[in-house]
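Here is the structure we will look at, set down as structure tokens.
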Amino acid sequence: MDELRLQKIKEIEQLREKGINPYPYRFEITHKLAEIRGEFDAKLASGEKDENAHLSTAGRVMAIRYHGKSIFFVIQDSTDRLQCYMNISVGDGAFKIFKEHVKVGDFVGVKGFPFRSHTGELSIFAASYEILSKAIRTLPEKWHGLTDKEKIYRQRYIDTIVNKNSFKRFKTRYRIIQMIRDFMNAEEFIEVETPILQFVTGGATAKPFVTHLNVFNLDMYLKIAHELYLKRYVVGGFDGVYEIGKCFRNEGVSYKHNPEFTMLECYKAYADYNDMMVLTEKLITHIIEEVKGTTKITYQGREIDFSRPWKRVKMRDYIKEHLNVDILDDPDEKLLKVLKDHGTLPEIMERGHYIEKLWDLVEDTIVNPTFLMDHPVDISPLAKRHREDPRLTERFEVIVLGNELANAFSELNDPIDQRKRFEAQAALRQAGDEEAQMMDFDFLRALEYGMPPTGGLGIGIDRLVMLATDAPTIKEVIAYPLVRPEKFTSEGLELEEDEEEK
RNA sequence: GACCUGUUAGCUCAGCUGGUAGAGCACUUGACUUUUAAUCAAGGGGCCGCGGGUUCGAAUCCCGCACGGGUCACCA
């Protein structure tokens, strides 16, 4: 039984008996805490005050230091933390109530003026205060914060209250997303939305989530990519579109995979993959530079240089160089033998899978952002054939530290070729490859109406944020990552002590 | 999925080769009008993740389960 919690519940009743609402409705804020610091930090020397500055601010109480007839307490809002000082000048009754009933974790509003204490800390002299919300659970300890990973992922709100770095990391995440919007808008892309619930889903090689639509009594999928609907927008006359949103893949969870993740995709008419490489470099270096202040960053102890231009390597050349096998000209048997020699085998015995496996063997050798170019047609069913070699496509992935950060093509806009590619994928599906792409007749029909030459790009936002915030796992950049459901019982949620017990 | 590892007070953690459950913070009571991990004094708080086994006796040893974390394999 949680004694502290029950004690706090009783306290709320005591406050009400004293005529104090522990959950009032609003409080007028004239200054956020960072604004107070910004305005008065330079102005006030130790021991100085500015009684003419009227401050009204609020936050969560993070620390209290009682000192006889005075109290120091620290409040925190989304911008900063600031010390407040209060003494009996608030009135005997109010002082006593604060001392007895305001605890770490509660929200309070404070009215007063700024001063700097004798020990040099910028503070607010609280001429009055108001309880704004009482907490009935205790926050983690002030010194170590919350370290239990399970609790951090399940109850991120505690983590971000108590761990400043975590709060900052999520602020950075959403600043990055805002920066991407600003960048894309400046490049004259229009932000659009596409359906999450789809009867046919495509645009990537992945297992979808299945759900059920009651009105039509039909199964549906959750989108695995934005791609095919964004291209419909291009067909429909939008010659520059982007979407930032969740995609869902019913696959493994790892330090770089979460079943739902956030992806930016954009499509630019009249552009090819060369144009998209320039755009990609510009966008990503811009973000890294804004967040880190430099293009040479340290990620998990490793140096990564984002300076432009990025290296460009062709998939065929790179694999040939490292494994001495030609993914175009050598027969299946040779590819398979190389894989066997490295002690790995694909789950599905098909050339496209061999090539991907071969790439997996060498991808870790890439550290700095690199354009990996010109993938074989077999593994790129939505990319346009290479203008110089029809066995290849005009495609690139951005690889950083062996991980895929972006994927882009000169988009396939030839409806006849697209149909053939879908048919090849359908054959793989028939053969048991659950990740092979679905035939999308409506998409083919759209292409038949004509899509201009188009460059397309997808960037994994979570992975970009990982790099920009030095986060070791994707769970650290997703506020509420996927974890197994908790078994909830009424235990720990009782409202009063059960006296019948025993 | 495989292997390794963890789960003890609200939080962070001790708890040895099995012998009555510990600390710090938080909480309660008292002192203190410039403290800042405030200090000082006293006090309350535990299904030792859950279930089984071994034993006179289990937080501790063994088995199973649940939920985490790490590494490896596969998908962004």
Side-chain angles (χ1 to χ4, degrees), chain A residues 1-8 10-11 46-47 49 62-74 81-89 95 100 103-105 115-123 125 135-155 158 162-163 203-207 224-225 247-263 265 343-348 353 356-357 360 397-399 403-407 433-435 458-464 466 472-475 483-487 489 491-492:
Chain A
M1 192 70 65
D2 189 338
E3 179 210 5
L4 292 177
R5 187 173 155 274
L6 294 173
Q7 187 179 308
K8 281 162 183 277
K10 274 185 197 146
E11 213 165 349
S46 281
K49 58 187 176 182
M62 298 306 291
I64 305 180
R65 295 181 283 275
Y66 305 97
H67 203 96
K69 296 193 171 54
S70 63
I71 299 174
F72 293 91
F73 58 100
V74 176
R81 271 184 185 206
L82 210 59
Q83 174 172 272
C84 302
Y85 173 78
M86 179 190 296
N87 59 29
I88 44 167
S89 70
F95 187 82
E100 283 176 6
K103 294 285 135 62
V104 170
F115 76 105
R116 188 179 293 281
S117 73
H118 292 139
T119 48
E121 179 146 346
L122 184 68
S123 310
F125 183 93
I136 63 176
R137 300 220 181 217
T138 45
L139 289 177
E141 187 214 345
K142 57 190 165 193
W143 194 240
H144 299 91
L146 184 68
T147 63
D148 180 342
K149 285 266 191 275
E150 180 170 356
K151 238 183 167 58
I152 285 174
Y153 297 148
R154 287 187 198 281
Q155 295 178 270
I158 307 177
V162 143
N163 296 328
T205 312
K207 283 181 215 158
I224 57 173
C247 295
F248 306 87
R249 299 189 186 174
N250 205 342
E251 293 168 3
V253 176
S254 79
Y255 75 96
K256 54 177 171 172
H257 298 96
N258 196 65
E260 60 178 289
F261 64 102
T262 303
M263 187 150 70
E265 281 189 36
T344 179
L345 273 183
E347 279 170 21
I348 292 158
H353 287 85
E356 287 186 343
K357 273 282 184 185
D360 287 343
E397 290 177 286
V398 174
I399 310 292
N403 288 319
E404 179 188 340
L405 183 61
N407 187 20
D433 184 349
E434 280 181 87
E435 293 179 359
I459 297 178
I461 300 293
D462 310 281
R463 290 182 179 179
L464 180 58
M466 282 170 71
T473 77
I474 200 167
K475 282 190 163 80
V483 280
R484 276 179 198 278
E486 225 171 327
K487 280 200 201 97
T489 60
E491 190 158 350

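All of these numbers come straight from a predicted model, not from anything done at the bench.
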> Roughly, in whole Å, what's the span from CD in A:Gln155 to C1' in B:rG68?
Replying inline: 14 Å
> Got a sec, which residues hit side-chain contact (heavy atoms from CB on, under 4.5 Å) with A:Thr262, two or more places apart in sequence or on another chain?
Replying inline: A:Arg173, A:Ile244, A:Lys246, A:Ile461, A:Asp462
>> Work out how far the P atom of B:rC50 is from that of B:rU7, and round it to whole angstrom.
In response: 13 Å
> Checking only heavy atoms, does the side chain of A:Tyr85 share a donor-acceptor pair with the base of B:rU33 at less than 3.5 Å?
Replying inline: yes
> Could a donor-acceptor pair under 3.5 angstrom be found where the side chain of A:Ser117 meets the base of B:rU35?
Replying inline: yes
>> For the C1' atoms, the ones on B:rG49 and on B:rU5, what distance do you get once it is rounded to whole angstrom?
In response: 15 Å
> With Watson-Crick and G-U wobble geometry limited to distances under 3.5 Å, how should the secondary structure of RNA chain B be encoded in dot-bracket form, using | for bases paired to another strand and [ ] for crossing pairs?
Replying inline: (((((((..((((.....[..)))).(((((.......))))).....(((((..]....))))))))))))....
> Which part of the nucleic acid, if any, lies within contact of A:Lys49, taking any heavy atom under 4.0 Å across all strands shown: a base, the sugar-phosphate backbone alone, or nothing?
Replying inline: nothing
> Between A:Lys8 and A:Thr138, is a side-chain contact (heavy atoms from CB on, under 4.5 Å) present by the stated rule, with each step listed?
Replying inline: CA-CA 9 Å; A:Lys8 281 162 183 277; A:Thr138 45; 3.5 Å; yes
> A:Lys357: what forms a salt bridge (Lys or Arg N to Asp or Glu O under 4.0 Å) with it, not counting sequence neighbours?
Replying inline: none
>> Taking any heavy-atom pair under 4.0 Å as a contact, classify A:Ile71: base, sugar-phosphate, or nothing.
In response: nothing
> Given atom CD of A:Glu150 and atom P of B:rU12, what is their separation to the nearest angstrom?
Replying inline: 11 Å
> Looking across every strand, which nucleic acid part, if any, lies under 4.0 Å from A:Val74 by heavy atom: base, sugar-phosphate, or nothing?
Replying inline: nothing
> For A:Asn163 and B:rC11, what is the distance between atoms CG and P respectively, to the nearest whole Å?
Replying inline: 14 Å
> Roughly how many Å is it from CG in A:Asn250 to P in B:rG1, rounded to a whole number?
Replying inline: 13 Å
> When we call it a touch if two heavy atoms are under 4.0 Å apart, what does A:Asp148 touch: a base, just sugar-phosphate, or nothing?
Replying inline: sugar-phosphate
>> As an exercise, state the distance from OH of A:Tyr66 to CE of A:Met86, rounded to the nearest 0.5 Å.
In response: 10.5 Å
> Partners of A:Phe95 by ring-ring contact (aromatic ring centres under 6.0 Å, His included), sequence neighbours excluded?
Replying inline: none
>> Which residues pass the side-chain contact (heavy atoms from CB on, under 4.5 Å) test with A:Glu356, not counting sequence neighbours?
In response: A:Ile379
> Among all residues two or more places apart in sequence or in another chain, which pass the side-chain hydrogen bond (donor to acceptor under 3.5 Å, both in side chains) test with A:Thr147?
Replying inline: none
>> Ring centres within less than 5.5 Å and planes less than 30° apart: is that true of A:His118 and B:rU34 in this structure?
In response: yes
> Can you name the closest pair of heavy atoms from A:Thr205 and A:Glu435 and give their distance?
Replying inline: CG2-O, 3.2 Å
>> Minimum heavy-atom separation for A:Ala206 and A:Arg249, please, with both atom names.
In response: CB-CD, 3.4 Å
>> Holding to side-chain contact (heavy atoms from CB on, under 4.5 Å), I want the full list of residues that pass it with A:Phe72, two or more places apart in sequence or in another chain.
In response: A:Arg65, A:Gln83, A:Tyr85
> Within less than 4.0 Å of OP1 or OP2 of B:rU34, is there a side-chain N or O belonging to A:Arg116?
Replying inline: no
>> With a cut-off of less than 4.0 Å, is there a side-chain N or O of A:Arg484 near OP1 or OP2 of B:rG68?
In response: yes
> On RNA chain B, nearest-nucleotide positions of A:Thr147 versus A:Phe125: which is more 5'?
Replying inline: A:Thr147
>> From NZ of A:Lys149 over to P of B:rU12, roughly how many Å is that when rounded to an integer?
In response: 12 Å
>> Roughly how many Å apart are B:rA14 and B:rA59, using the C1' atom of each and rounding to a whole number?
In response: 12 Å
> Looking at A:Gly105 and A:Ala135, what are the two nearest heavy atoms and their distance?
Replying inline: O-CB, 3.6 Å
>> In whole Å, measure the gap between the C1' atoms of B:rA58 and B:rC62 for me.
In response: 11 Å
> How far does CD of A:Glu141 sit from CG of A:Leu146, to the nearest 0.5 angstrom?
Replying inline: 11.0 Å
> Who passes side-chain contact (heavy atoms from CB on, under 4.5 Å) against A:Ser254, sequence neighbours left out?
Replying inline: A:Lys256, A:His257
Got a list of protein N/O to nucleotides 3-5 of chain B N/O distances below 3.5 Å?
none

> Distance between the C1' atoms of B:rC27 and B:rG10, in whole angstroms?
Replying inline: 9 Å
> Within the structure, does a side-chain N or O atom of A:Arg65 lie under 4.0 Å from either OP1 or OP2 of B:rA38?
Replying inline: yes
>> Whole angstroms only, please: what is the NE2-P distance between A:His144 and B:rA23?
In response: 17 Å
>> Check whether A:Arg154 reaches the backbone of A:Val483 with its side chain - one donor and one acceptor, N or O, closer than 3.5 Å.
In response: no
> What residues form a salt bridge (Lys or Arg N to Asp or Glu O under 4.0 Å) with A:Lys142, not counting sequence neighbours?
Replying inline: none
> Is there a donor and acceptor pair closer than 3.5 Å between the side chain of A:Gln83 and the base of B:rU35?
Replying inline: yes
> How close or far is atom C1' of B:rC11 from atom CZ of A:Arg5, stated in whole angstroms?
Replying inline: 17 Å
>> Within the 4.0 Å heavy-atom criterion, would you say A:Gly47 contacts the bases, only the backbone, or no part of the nucleic acid?
In response: nothing
Look for any protein N or O under 3.5 Å of an N or O in nucleotides 25-32 of chain B and output each such pair with its distance, or none.
residue : atom : partner  : partner atom : Å
B:rC25  : O3'  : A:Lys142 : NZ           : 3.2
B:rA26  : OP1  : A:Lys142 : NZ           : 2.9
B:rC27  : O3'  : A:Gln7   : NE2          : 3.3
B:rC27  : O2'  : A:Gln7   : OE1          : 3.1
B:rC27  : O2'  : A:Gln7   : NE2          : 2.5
B:rU28  : OP1  : A:Lys103 : NZ           : 2.8
B:rC32  : N3   : A:Gly68  : N            : 3.0

N/O to N/O distances under 3.5 Å, protein versus nucleotides 71-76 of chain B:
residue : atom : partner  : partner atom : Å
B:rC74  : OP1  : A:Lys357 : NZ           : 2.3
B:rC75  : OP2  : A:Asp360 : OD2          : 3.2
B:rC75  : O2'  : A:Glu251 : OE1          : 2.0
B:rC75  : O2'  : A:Glu251 : OE2          : 2.9
B:rC75  : O2   : A:Gly252 : N            : 3.3
B:rC75  : N3   : A:His257 : ND1          : 3.2
B:rC75  : N3   : A:His257 : NE2          : 3.3
B:rC75  : N4   : A:His257 : ND1          : 2.4
B:rC75  : N4   : A:His257 : NE2          : 3.3
B:rA76  : O4'  : A:Arg249 : NH1          : 3.4
B:rA76  : O3'  : A:Glu404 : OE1          : 3.4
B:rA76  : O2'  : A:Arg463 : NH1          : 2.0
B:rA76  : O2'  : A:Arg463 : NH2          : 3.0
B:rA76  : N6   : A:Asn258 : O            : 2.6
B:rA76  : N1   : A:Asn258 : N            : 3.3
B:rA76  : N1   : A:Asn258 : O            : 3.1

> Taking the P atom of each, how far is B:rG43 from B:rG24, in whole Å?
Replying inline: 12 Å
